[in-house]
K.L.:
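Have a look at this one.
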Amino acid sequence: MNGTGRRNNAPDALRRNPIDLTQIAPEDQRTNPEALSRRLARRLYQAPLGPKQTATMLASLKSQDKKPSDDTLRHVLDLMMST
């Protein structure tokens, strides 16, 4: 409840209005797994990934289509934030 007797639906609002991933992963960098990996690490950690994490990230990105979809990027970002 949010104090007004109604349930707070903030998570529902986020699902309806997803973030603009072009701000995090521009279209021109999505076809280059190395550049995308560096950019995501810089955005989330403000530092480069270690060798093992870089290898894992590149393997994941290279196993996808030539250009990862927004859903794939959301999954990658979720994994990065949870580790």
Side-chain angles (χ1 to χ4, degrees):
M1 300 282 189
N2 63 6
T4 62
R6 295 188 332 211
R7 188 171 159 249
N8 186 351
N9 290 325
D12 293 331
L14 290 174
R15 281 189 206 98
R16 288 191 299 264
N17 300 313
I19 62 169
D20 180 12
L21 288 176
T22 60
Q23 298 296 315
I24 296 171
E27 294 290 330
D28 63 331
Q29 290 190 351
R30 292 188 190 195
T31 57
N32 183 337
E34 289 84 6
L36 182 58
S37 174
R38 285 191 304 271
R39 183 173 181 91
L40 293 178
R42 188 173 56 242
R43 290 289 301 229
L44 269 67
Y45 307 134
Q46 287 79 48
L49 295 173
K52 184 176 178 182
Q53 292 85 2
T54 298
T56 302
M57 169 79 76
L58 290 176
S60 176
L61 290 172
K62 288 178 180 179
S63 72
Q64 303 298 321
D65 296 330
K66 292 191 181 228
K67 184 168 93 173
S69 68
D70 283 356
D71 287 338
T72 299
L73 287 174
R74 284 187 182 93
H75 179 71
V76 168
L77 290 167
D78 183 51
L79 288 174
M80 291 177 75
M81 291 186 294
S82 66
T83 58

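Predicted model, so just to flag it, every value in this text is computed and none were measured.
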K.L.:
Quick check for you: to the nearest 0.5 Å, what is the distance between Arg42 atom CZ and Ile24 atom CD1?
P.N.:
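Output value for this atom pair is 12.5 Å.
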
K.L.:
To the nearest 0.5 Å, how far apart are CD in Gln29 and OG1 in Thr22?
P.N.:
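Between Gln29 CD and Thr22 OG1, I get 12.0 Å after rounding to 0.5 Å.
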
K.L.:
Any donor-acceptor pair under 3.5 Å linking the side chain of Ser37 with the backbone of Glu34?
P.N.:
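Flag not set: sc Ser37 to bb Glu34 has no pair under 3.5 Å.
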
K.L.:
From Asn32 CG over to Arg39 CZ, what is the distance, rounded to the nearest 0.5 angstrom?
P.N.:
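It is 12.5 Å, given to the nearest 0.5 Å.
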
K.L.:
Yes or no on side chain to side chain donor-acceptor pair (under 3.5 Å) for Thr72 and Ser69, after CA distance, side-chain angles and deciding distance?
P.N.:
CA-CA 5 Å; Thr72 299; Ser69 68; 3.1 Å; yes

K.L.:
Can you name the nearest heavy-atom pair linking Leu61 to Pro33, along with the distance?
P.N.:
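Heavy atoms only, the tightest pair is CD1-O, 3.7 Å.
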
K.L.:
So, Ser60 side chain and Thr56 main chain: donor-acceptor pair closer than 3.5 Å or not?
P.N.:
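Between the backbone of Thr56 and the side chain of Ser60 there is no qualifying donor-acceptor contact (under 3.5 Å).
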
K.L.:
When hydrophobic residues are tied together by side-chain contacts of less than 4.5 Å, even through go-betweens, does Leu44 share a cluster with Leu79?
P.N.:
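The answer is no; the residues belong to distinct hydrophobic clusters.
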
K.L.:
Would a single hydrophobic cluster contain both Leu40 and Tyr45, if residues Ile, Leu, Val, Met, Phe, Trp and Tyr are joined by side-chain heavy-atom contacts under 4.5 Å?
P.N.:
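Yes; Leu40 is reachable from Tyr45 via cluster members.
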
K.L.:
Is there a side chain to side chain contact (heavy atoms under 4.5 Å, CB included) between Asp70 and Arg30 once you walk through the steps?
P.N.:
CA-CA 10 Å; Asp70 283 356; Arg30 292 188 190 195; 2.7 Å; yes

K.L.:
Among Met57, Gln53, His75, Arg43, which residue meets the side-chain contact (heavy atoms from CB on, under 4.5 Å) test with Met80?
P.N.:
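That would be Met57.
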
K.L.:
Give the cluster check for Ile19 versus Leu36: same hydrophobic cluster or not, with ILVMFWY residues linked at side-chain heavy-atom distances below 4.5 Å.
P.N.:
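Per the 4.5 Å side-chain linkage, Ile19 and Leu36 are co-clustered.
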
